[in-house]
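Everything on this sheet refers to the single structure shown next.
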Amino acid sequence: MKRTVLGELEELVLLVVAASTEQVYGVPVMQQLKVHTGRDFSIGAVHTTLYRLEEKGFLSSSVGGATSERGGRRKRLFAITAAGAQALAEIRGMREGLWQEIPAEKLKLLGL
Amino acid sequence: MENQNPEGSDPKIHIQPPRWADRLLEWFIAPHLLEFIQGDLHEAFYHTAASAGVQAARREYLWEVMHCLTPFFYKRKPFTTYPRPSMTAMLQSYLTTARRNLAKNKLYTSINVFGLALGMACTLLIGMWVADELSYNRFLAGAADVYLVRINGTNRNTGEIGTAEITPAPLQEAISKDVPEVAAATKINPWMELLVKVGEKGAKEKGYYASDAFFDVFDLPALHGNPRAALSQTNQIIITGKMADKYFPNTEALGKTIQLNNEKFYVVGAVLKDLPAASTLRFDWIVNWKEQEQPWQKTWGNSSFLTYVRLRPNTSAARAEATMKGIFPRYTDKENTSVPILQPITDVYLYADYKMGKPVGGRIEYVRVFSLVAGFILLIACINFMNLATARSATRAKEVGVRKVVGAFRSALIGQFLCESILTSMLAVVLAVGTVWITLPVFNELFAKKLALDLSDPALWAATLILTLITGLLAGSYPALFLSSLKPIKILKGRLQFGSGPALFRRTLVTFQFCLSIFLIVGMLTVGKQMQYLRTKHLGLDRDNVVYVPLEGNVASGPKMEAFRQEIMRQPAVVSATVTGMLPINIQATSGDLSWPGKDPNLETTVTAMTVGPDFIRTMNIRLVDGRDFRAGSLADSSAYLINEATARLMGVSNPVGKEIKFWKGNGRVIGVMKDFHMSSLHQAITPLVVTYIPENSSYLLIKTRQGKTEEALAALKKVTRDFNPDYPFTYHFLDEEYESLYRSEQQVNTLVNYFGILAILISCLGLFGLAAFTAEQRTKEIGVRKVLGASASNIVGLLSSDFMKLVVIALVLASPLAWWALSTWLDTFAYRTGLSWWIFAVSGVVATSIALLTVSFQAIKAAWVNPVTSLRSE
């Protein structure tokens, strides 16, 4: 299978979507990212990433319910697709493989 | 209500993100992304406002908005960049549905398309023919001011007004001099077909001798030279481009010499642009009037010429006619009742028939009849469409119901049905144009037309488009209006009972269709019968086995002519031969010169007149009531006359032979009385006739050949003509063919009616076929049950056919009186005609019934033969 290159933010967002049990849309993704990374991401950047992932086929989206605090505007809700899960698994496997290759002495030296 | 507003009781309503930032966002971000990003931004804003205060929230909001100003958010979806016209989606949906419906019911679609295509092809063809007929003489520059002068003469005996096309020659001079409303007047001698010779090349060509102002009346465009100047010279000839190409190919015709009639030479003074086919003027050359003028042409008593005038632009025909009224009494005698009248040049072709001095019709009647026929045929085709649509309405009703339930408006349904019918008519029009394309050469040949399908002509496109739309709307109107009005609840509950309405409507349409078809069949039979009558009626003279040749060159007159005649009479295959000034089957000259001792001075004595040579009666096999034929070389006959019975009646003499009368040769005796014979087409009644013996004045040699020896006679004729007249090409015609050509327009009508009648029936049957197929399909179960219960195949065929048969019978009853009336009117235009016999209607009825029966029973038999197991298992 052709490997799709995912950027860092893309990978993070994909993971956040995969992890979430609630409705996934712009605001919660941004909040989760902040919680987990401590960094501020603009909503614009989050949206851009979500749409990119959708284009790549890793996410699917649907139009969801509106709330009053959004001024009655609807949400675009995202969900991870099988291809998205597969991509995450591949990245994880690749990382783990790399970890495995670090010699035990080196790990010790590095204090890990 | 307040609490129904999601933001109503929320205090946050007063805290809002900065307006201008929102506006910026709304302007910048692509519409398909805006709702979601703005929603998220607002949500985040209220979160921050709640936790960190409004100021921080506003600041953050601005910051966030700035981050959104990237190309990603700006880029619009491609289709939103070019907004589609409104209703595209709806039209697309109509088209898709229509296409699917048409494809689903292939039989009905092909019946519809095929029927409509036939109807449209007829309409297009007839439309082109009508447009051509109506365009006659309209090519003339300033045609509105050009008129043909006709003469109304009142018969003092009967008070009837007769209208003549031919005029005496001096009338033109009188009009030019006395009528100030006339800008120019001209006369022509239109009956000329002379031998034209250039070097070795020679052939007969039609042409006019025309007086000076011809080109002031008819402003015909010239290719070379000045036609006006050329006509003012007696030694010049004006020819058409066609003739120039024929005699002077690849060279300049101007200034070249042409010999006319093997006598005089003329210099080509001008070359005219060819006249279009839609012209009543037909000539290839024109020479000055004076070149043929003879003393008798200067008299008022002899009419043989056509006179045309061009009026001044600021006057009217009525005023000019008022001024012309006095001409005949002024120049001839005071008692003369003749009055010149004017007919617009654009009407000359279409309104040639006059009654009581007023134009009553002519070819325009045929134009009207065929426009009507075209309309009928199109209507029949549209009715097919409507009929099939109504018949299928039960099936379509469910579709309508479902559509209505899911929210279709009535207008949308109307749109959909019309879309379907217009799509059908578009398919049909493509087929129709193809059909016209293929059949046009045949059509042109039949009707001696030069019609062409000019695809670059916007008028044709417009006409086709209009035809398509009219047909589509007409054909689709019923299903669109009726089906769309159904109540969905009734349809879907299955309680839809089509009342007698649609069925009645359908029956009415079928009846109407068959009325039209029967009408056309009766028309076909009657016109055919009348044509048969015309063709076979005994005229009172022989037209079979008579050949005629023009007298020209050496044998045009004098002793050579008589020697020529004698030589031909000596041929074994020839019975007899005579010379005449006109063909006895079409005598077109009248004279008012007849008088006799003791004549009532008030008696109107305008008679038909012709000149002949010896053996006229014998050759033409005319029955003599009394007296004898003219004898060759008899001096006594030089001032003798033959008259017909009508003249004898006019004179009121019971035994006129030997009586003295005064006519063209002065005082002379009547030597014979001919039994009345027809001297022109049977439209005209037999009139008094005086035949004068002037062999020198003859134009034709008529030869009666022996039965079955035509070949030998022609060979001998050719040989003798060569010997006597080597300079002229040998030409001959058969008198019976010439006679038939008198009825050319009737012949064309006959052919047209036949073709279109058959087409109309074909289209009707097509509709009936579809309807029968549908009925059979609808009643599959019923037929199955009946068969199980013991019905025979013939029972079932009868059951299915009888419904339609009733309609055909009703149609017959309705159509017959209508057809009777219309055709008696047509027959009334003939002075001699066949009657409308009852058998015509009987035959029409039988034909219509059997055709309908054949059509229906095909379906019925098919349905009746189906194994009931199959039909009952269906569904």
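A, B, ... follow the sequence lines: proteins, then strands. Residue 1 opens every chain.
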Checking heavy atoms, do the side chain of B:Gln38, its backbone, both or neither come under 4.5 Å from chain A? both
Taking every non-hydrogen pair under 4.5 Å, which of B:Asp40, B:Leu69, B:Leu33 racks up the most with chain A? B:Asp40
Looking only at B:Glu35, B:His67, B:His42, the option with the highest number of non-hydrogen pairs under 4.5 Å against chain A is B:Glu35
Sort by residue number and list every member of residues 21-39 of chain A having a non-hydrogen atom under 4.5 Å from chain B. A:Tyr25, A:Gly26, A:Val27, A:Met30, A:Gln31
Anything in residues 9-18 of chain A with a heavy-atom distance to chain B below 4.5 Å? Please list those residues in order. none
Can you list the residues that meet the side chain to side chain contact (heavy atoms under 4.5 Å, CB included) rule with B:Cys68, with sequence neighbours excluded? B:Leu25, B:Ile29, B:Ile37, B:Leu41, B:Phe73
Are side-chain heavy atoms of B:Leu413 and B:Gln416 found at a separation under 4.5 Å? yes
If you look at every heavy atom in [X] and [Y], which pair is closest and at what distance?
| X | Y | value |
| --- | --- | --- |
| B:Tyr61 | B:Pro18 | CD2-CD, 3.7 Å |
| B:Thr97 | B:Ser93 | OG1-O, 2.5 Å |
| B:Ala30 | B:Lys75 | CB-O, 3.2 Å |
| B:Ala56 | B:Thr48 | C-CG2, 4.5 Å |
| B:Leu62 | B:Ala21 | CD2-CB, 3.6 Å |

Going by ring pair (Phe, Tyr, Trp, His ring centres under 6.0 Å), name the residues that satisfy it together with B:Phe72, two or more places apart in sequence or in a different chain. A:Tyr51
Look up atom SG in B:Cys419 and atom CZ in B:Arg99, then write down how far apart they are to the nearest 0.5 Å. 11.0 Å
Closer than 3.5 angstrom, by distance alone: can the side chain of B:Ser425 be matched with the main-chain N or O of B:Thr468 as a donor-acceptor pair? yes
Would you say the side-chain atoms of A:Glu54 and A:Ser61 include a donor-acceptor pair closer than 3.5 Å? yes
Who among A:Arg52, A:Arg74, A:Lys75 has the most heavy-atom pairs with chain B under 4.5 Å? A:Arg74
